[in-house]
Amino acid sequence: MPAITLPDGSERRFDGPVTGTTVAASIGPGLAKAALAMKLDGRMVDLSTEIADDAKVVFITRRDGDALELIRHDTAHVLAEAVQELYPGTQVTIGPSIENGFYYDFARNAPFTTADFPAIEAKMREIVARGAPFVRSVQNREEATAFFEAKGESYKAELIRDLGADQTITFYSQGDWIDLCRGPHMRTTGDVGTAFKLMKVAGAYWRGDHRNPMLTRIYGTAWRDQKELDAHLHMLEEAEKRDHRRIGKDMNLFHMQEEATGSVFWHPKGWKLYRTAEAYMRRRLEAGGYDEVKTPQLVDRALWEASGHWDKYREHMFQAQVDDEDKTLALKPMNCPCHVLIFRQGLRSYRELPLRMAEFGACHRYEPSGALHGIMRVRAFTQDDAHIFCTEAQIAPETVRFVALLSSVYRDFGFDSFRVKFSDRPDVRAGTDETWDRAEGALKEACAIAGVDYELNPGEGAFYGPKLEFVLRDAIGRDWQCGTLQVDFVLPERLDAEYVGEDGARHRPVMLHRAILGSFERFLGILIEQYAGRFPLWLAPVQVAIATVVSDADPYAFEVAQALKAAGLTVVTDTANSKINAKIRDHSLQHVPVIAIVGRKEAEGRTLVLRRLGVEKQETLPLHDAVARLAQEALAPDLAPDLARDAARGRAAEVLEAVVM
RNA sequence: GCCGCUUUAGCUCAGGGGUAGAGCAACUGAUUCGUAAUCAGUAGGUCGUAGGUUCAAUUCCUACAAGCGGCACCA
């Protein structure tokens, strides 16, 4: 006698076990038609699931956001059926729903190409039109394995073999096609609808392990209706325009080329942006109690052997030799060992702790070729690195302090929110469980004090200690780790760092490895995408373009340029023989935040007409007022907290809304 | 590193077994003009690199490199 409670609190009683379909029908024909699946006591299940006991039921219709995951998963099944119909002999493996869509991994001798998409999509639409019901059935292990092995589906058979003994093995069929699947599914393939599109093909290792064969993955996107699909595709198009590689070229910020794979050639404007960020960071670190140092790039292998990197990290290190000397040097892949060497100069006292040692450290790592990505993942980069030598008791307060600094820096760059991952002890690790307990406990405590919400990243910590990762998202939704804080009690041991404590005895310091931007290259890449190249005034590599209307105004334009430069602004003076319309267009396309227009009127009245990027409204100011105002506006956020910070935030929000120029 | 795709002028791209074309940018000239493209002309390419097939290769094939999309990696 199940009593079924609906979201509105009302209750319905039935004489015996009922399916969701029956319950929906009892409520009304509209719902019977619209219900795709249901949540049974919070768990998403098939509508055909039998309800035997009292339960809370929420029906899922196409209007619910939860429907998306169902639609995407079902679309993956439709894709698999279509592929097997079109390309017999192709093995199916797995096909989950993911953010914005789904994928399905196939094993086939000849890989798919996007040229196959039209045929596959057509077949998928056919399958959707058939509207075959999804039918769930429970199988026993032997029969299920035998079934797939008989079909030549060795991957599916392997999946079943690896399912836990306690797990029910369920199949879902749609017409003649059947798949191993946990479900749930909607009612029929017709519920998939037509708002889907295949997006790309890619290779992917079976079970995500590079020792396994590579499968062909087909990615698709699926939505509740055409409007949503169109919006998503439009968003992707817009995101593409914000790609830092595209903007880097268009704005002439940097380039990369074959002769220095994975290294950035910064052009004048790009380097200006870099230096602005660097100068800002330097001020913040100085104010934050850090001491800046500079350590060598080429370091003898002996140090790397001592630190353990030679053993564990050598394949990622660039090595260097000279003819005359029988030595192997390596380009440093990280700065920590060098910082320990500075720490070890002289006898350290507990009074010096916490000692915060910072470096804009140029590092080189031989990254796998396939990992390189624009300036986000490179082989030569500069970390805004620092190591805090401290006691265990200082881990928590230093973490709180660091998170505050990082949050403030991110805010100043226009990132109001970011994700934090907490990576705890990996399987292979150094140190005792007690030490790990203390280190993880201290980090967690610090997060609580700092009000940091993190997601747990189990087992992903460094072998020497737990870490926090601060993650920013790029224009097309890829996540990049930028900031980090890592607790390390191994390296001080290996490199024999010590200090004299209050008790007169020698102690090991704990090392906190931390970075805020991560690397300038990656952070600037994300920053470029964040602003779509339309930087707030303080960051803009060219802050003001002075555009003349007639050549009679040239002398005044040069005078204006001098005045603005004297006030610390970066300007270009455009006295070219072209129309003011063209000049405005050119500088707007270059995302110069302020265009100062200078014609006869301005020269005579000694004024300046200021036009902001993308805004038609403009204002006329006396020259000196204009210079003073712009100089004030161009101050970095840490120098003029309220003004620039609000401007940066406003601009970031505006860019998110706007269609990119 | 693995799978797939791509590589033609500074940029965006067309073309195709008989050694190449457009638009924009650049340069030159004319034009001096008031808020997102003034007009005309000129110049610009070992068609990623190296082999192979062919009477002939930028085009077809192979290898390599770089880039792109993923996967793996990111101590």
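Numbers restart at 1 for each chain; the letters A, B, ... are given by sequence-line order, proteins then strands.
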Please report the distance, rounded to the nearest Å, between [atom1] in [X] and [atom2] in [N].
X	N	atom1	atom2	result
A:I98	B:rG70	CD1	P	10 Å
A:E259	B:rU49	CD	P	12 Å
A:Y219	B:rC3	OH	P	17 Å
A:R211	B:rC3	CZ	P	18 Å

List, with names and distances, any nitrogen or oxygen atoms from the protein found under 3.5 Å away from nitrogen or oxygen atoms belonging to nucleotides 63-68 of chain B.
unit_1 : atom_1 : unit_2 : atom_2 : d
B:rA65 : O2'    : A:E258 : OE2    : 2.6
B:rC68 : OP1    : A:R245 : NH1    : 2.9

Within 45° of the axis and under 6.0 Å from the centre of the six-membered ring of [Y], does NZ or CZ of [X] qualify?
X	Y	answer
A:R429	A:Y464	no
A:R72	A:W223	yes
A:K421	A:F470	no

Flag for [Y]-[X]: side-chain donor and acceptor within less than 3.5 Å:
X	Y	answer
A:E153	A:Q84	yes
A:H587	A:D574	yes
A:R217	A:Y219	yes

Checklist entry - Hey, does the side-chain of A:Y205 have a donor or acceptor N/O within less than 3.5 Å of a partner on the base of B:rG70? => result no
Checklist entry - Would you say the base of B:rC11 and the side-chain of A:R246 have a donor-acceptor pair closer than 3.5 Å? => result no
Could you tell me how far [M] sits from [N] if I compare only their [atom1] atoms? Round to whole Å.
N	M	atom1	answer
B:rU19	B:rC47	C1'	10 Å
B:rA20	B:rU8	C1'	9 Å
B:rU12	B:rG69	P	14 Å
B:rC2	B:rU59	C1'	30 Å

Next on the checklist: Any side-chain N or O of A:K249 below 4.0 angstrom from OP1/OP2 of B:rC11?
Outcome noted: no
Checklist entry - Are A:K617 and B:rU35 close enough that a side-chain N or O sits under 4.0 Å from OP1 or OP2? => result no
Checklist entry - Should stems be defined as at least three consecutive Watson-Crick or G-U pairs with both distances under 3.5 angstrom, which of them involve RNA chain B? => result B:1-7 with B:65-71, B:10-13 with B:21-24, B:26-30 with B:38-42, B:48-52 with B:60-64
Checklist entry - Which part of the nucleic acid, if any, lies within contact of A:E602, taking any heavy atom under 4.0 Å across all strands shown: a base, the sugar-phosphate backbone alone, or nothing? => result base
